[in-house]
*Asks:* 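Take a look at this one; I'll ask things after.
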Amino acid sequence: MLDINLIRENPDLVKDNIKKKFQDKKLPLVDEVIALDKKKRELQSEGDMRRAQRNSLAKDIGTLMREGKKDEAEKAKLLSKENNERIAQIEAESEEVEKQLKTRMMSIPNIIADDVPLGKDDSFNVEAKTFLGKHEKDFEVPYHLDILESLNGIDLDAARRTSGNGFYYLTGDVARLHSAILSYARDFMIDKGFTYCIPPYMIRSNVVSGVMSFEEMDGMMYKIEGEDLYLIGTSEHSMIGRFMGEVLPESSLPQTLTSYSPCFRKEKGAHGLEERGIYRIHQFEKQEMIVLCKPEESDYWYEKLWNYTVELFVSMQIPVRQLICCSGDLADLKYKSCDVEAWSPRQKKYFEVGSCSNLTDAQARRLGIRYKNTATGKNEFVHTLNNTVVAPPRMLIAFLENHLQADGSVFIPEVLRPYMGGKDKIVPKK
RNA sequence: GCAGAGAUGGCGGAGUGGUCGAACGCGCACGACUCGAAAUCGUGUUACGGGCAACUGUACGGGGGUUCGAAUCCCUCUCUCUGCGCCA
């Protein structure tokens with residue numbers, strides 16, 4: 001959600017931004033918002049005046065009653081009643097105007113950064129940097145599911161029976177590897193000075209609507225029957241919601257947090273679930289990083305965050321690249337975003353393993369997360385950022401493909417061995 | 001889950017129908033004193049919105065109601081505390 005003052009004072013900037021995102025259908029919203037905002041202020045003016053009158057009449061009545069002037073008091077009561085009827089009208093009208101204003105405000109996208117490449121869909125995303133090159137294997141790399149099965153590491157049949165498509169059982173060394181990666185990632189971020197946090201895995205609807213758009217909510221979130229609770233799609237939801245309505249002391253910024261949670265997603269819509277494999281599933285686990293900072297620091301943290309993910313993958317010897325998200329592929333709340341993608345030696349291409357975003361004040365405005373700016377003495381909105389540290393089991397695909405050896409075993413990089421009981425490889429079943 | 005008590009500014013805490021945006025204390029900011037600091041004294045200090053301004057509105061956990069008028073009365077939801085019950 002944008003600042004109404006920005007739309008009022010600089011509508012052309014907002015419109016240009018909509019065009020840059022190839023959402024021309026939304027262009028009329030800007031003028032509608034300006035008109036509704038004007039109407040809202042008019043209603044407020046009259047309402048304020050009427051309410052001022054109500055207050056002073058009420059005060060008078062109090063005085064008259066005390067002085068025993070009953071007749072005059074009754075007269076004033078009648079006057080007040082009339083006034084109150086008009087107030088009720090105005091309030092009903094205001095409510096309607098505000099509702100319309102809000103739905104429009106909510107669908108006007110956040111202003112994007114100047115350096116976001118323009119393009120209408122993900123085919124215009126831009127590769128910025130690659131790390132560790134591209135592993136070439138001198139043997140054919142099988143589909144990840146076949147690798148998992150050769151290691152006795154997965155049971156999809158049972159998962160379909162218990163839970164349906166989109167779920168999995170990981171077993172044995174593979175399950176241990178999954179946990180090892182998460183534990184290593186957690187410690188990696190703690191070493192970077194982040195605070196580890198385990199958040200609630202369910203959140204209320206008001207938090208949900210604060211952290212995402214309605215469309216996202218509908219396509220992603222599982223609702224708990226009979227309760228106002230949703231399963232989180234990522235720990236970002238409960239981590240950002242944690243600060244809802246707060247005014248943080250300036251000295252507490254930046255908040256640099258790393259959180260673990262399972263993530264639940266319907267994955268309703270365009271892509272659907274893959275029939276085979278664990279690329280897109282209803283339940284996975286993720287280590288996340290979250291930053292709340294002062295506005296002038298969010299660009300700095302954005303660069304820092306995605307580089308942490310790269311550093312983590314490089315330390316596990318998995319080649320990655322940074323893919324910059326173009327204007328049309330950027331979600332409406334985001335100022336800037338990039339994906340960290342891992343190299344697949346089987347497909348000979350990169351695929352997404354993490355996503356880093358700077359939302360500037362868009363989330364903070366919706367959720368009312370502010371800080372006291374000691375220089376100005378004002379409460380101002382913070383900036384929020386989030387980034388994937390690592391999300392197995394998807395990351396496991398990259399891991400298995402890159403570390404598979406010709407003999408069918410899977411190499412464990414040095415950094416993970418302490419979490420794997422010292423093992424340096426996983427060997428296939430006989 | 002049941003019963004009782006409660007939710008007020010950055011914090012603690014008064015206030016039970018009108019003079020309350022809210023006593024008092026802490027904290028914070030500024031000033032005085034000091035070589036400097038502590039202590040002390042003084043002044044200021046809720047937030048958000050409308051208006052060029054004068055000024056004005058809203059908010060005492062959330063929502064709804066009663067009333068000319070609600071922090072205060074009623075309903076409801078959420079949360080906290082105490083006791084009982086249940087349980088990793």
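Side chains included, hydrogens not; waters and symmetry mates left out as well; all remaining heavy atoms used. In the text below, chain A, chain B and the rest are named by the order of the sequence lines, each starting its count at 1.
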*Asks:* Would you say the base of B:G57 and the side-chain of A:N55 have a donor-acceptor pair closer than 3.5 Å?
*Replies:*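 No, no donor-acceptor pair under 3.5 Å.
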
*Asks:* Would you tell me if any nitrogen or oxygen in the side chain of A:R50 comes within less than 4.0 Å of OP1 or OP2 on B:G57?
*Replies:*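 So the side chain of A:R50 is outside the cut-off, no N or O lying under 4.0 Å from OP1 or OP2 of B:G57.
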
*Asks:* So, is A:K372 close to the B:A47 phosphate, meaning a side-chain N or O under 4.0 Å from OP1 or OP2?
*Replies:*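 It does, given that an N or O in the side chain of A:K372 lies less than 4.0 Å from OP1 or OP2 of B:A47.
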
*Asks:* Please confirm whether the shortest side-chain N or O distance from A:N379 to OP1 or OP2 of B:G10 is below 4.0 Å.
*Replies:*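 Answer is no, no contact under 4.0 Å.
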
*Asks:* Look at all strands and tell whether A:A52 reaches a base, only sugar-phosphate, or nothing, counting heavy atoms closer than 4.0 Å.
*Replies:*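 Result for A:A52 = sugar-phosphate.
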
*Asks:* I want to check one thing: is the phosphate of B:U78, taken as OP1 and OP2, less than 4.0 Å away from some side-chain N or O of A:N206?
*Replies:*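 So the side chain of A:N206 is outside the cut-off, no N or O lying under 4.0 Å from OP1 or OP2 of B:U78.
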
*Asks:* Taking the inter-plane angle between the rings of A:H282 and A:F167 on a 0 to 90° scale, is it parallel (under 30°), tilted (30 to 60°) or perpendicular (over 60°)?
*Replies:*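 Ring orientation of A:H282 relative to A:F167: tilted.
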
*Asks:* Counting only side-chain heavy atoms from C-beta out, which of B:G49, B:C48, B:U78 sits nearest to A:R204?
*Replies:*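 Between B:G49, B:C48, B:U78, the one nearest the side chain of A:R204 would be B:U78.
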
*Asks:* Rounded at 0.5 Å granularity, tell me how far CD1 in A:I369 sits from OG1 in A:T384.
*Replies:*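 Separation between the atoms: 6.5 Å.
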
*Asks:* For B:G57, does either OP1 or OP2 sit under 4.0 Å from a side-chain N or O belonging to A:R41?
*Replies:*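 False: A:R41 side-chain N/O out of range (4.0 Å or more) of B:G57 OP1/OP2.
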
*Asks:* Whom does B:U72 pair with, Watson-Crick or G-U wobble, provided both distances fall under 3.5 Å?
*Replies:*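 Paired with no nucleotide.
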
*Asks:* Can I get a per-line list of side-chain donor-acceptor pairs under 3.5 Å for residues 194-205 of chain A, giving both atom names and the distance, sequence neighbours left out?
*Replies:*
| unit_1 | atom_1 | unit_2 | atom_2 | d |
| --- | --- | --- | --- | --- |
| A:S205 | OG | A:D228 | OD1 | 2.8 |
| A:S205 | OG | A:D228 | OD2 | 3.3 |

*Asks:* For A:R54 and B:U58, is the shortest distance between a side-chain N/O and OP1 or OP2 below 4.0 Å?
*Replies:*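 Affirmative; the distance criterion is met.
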
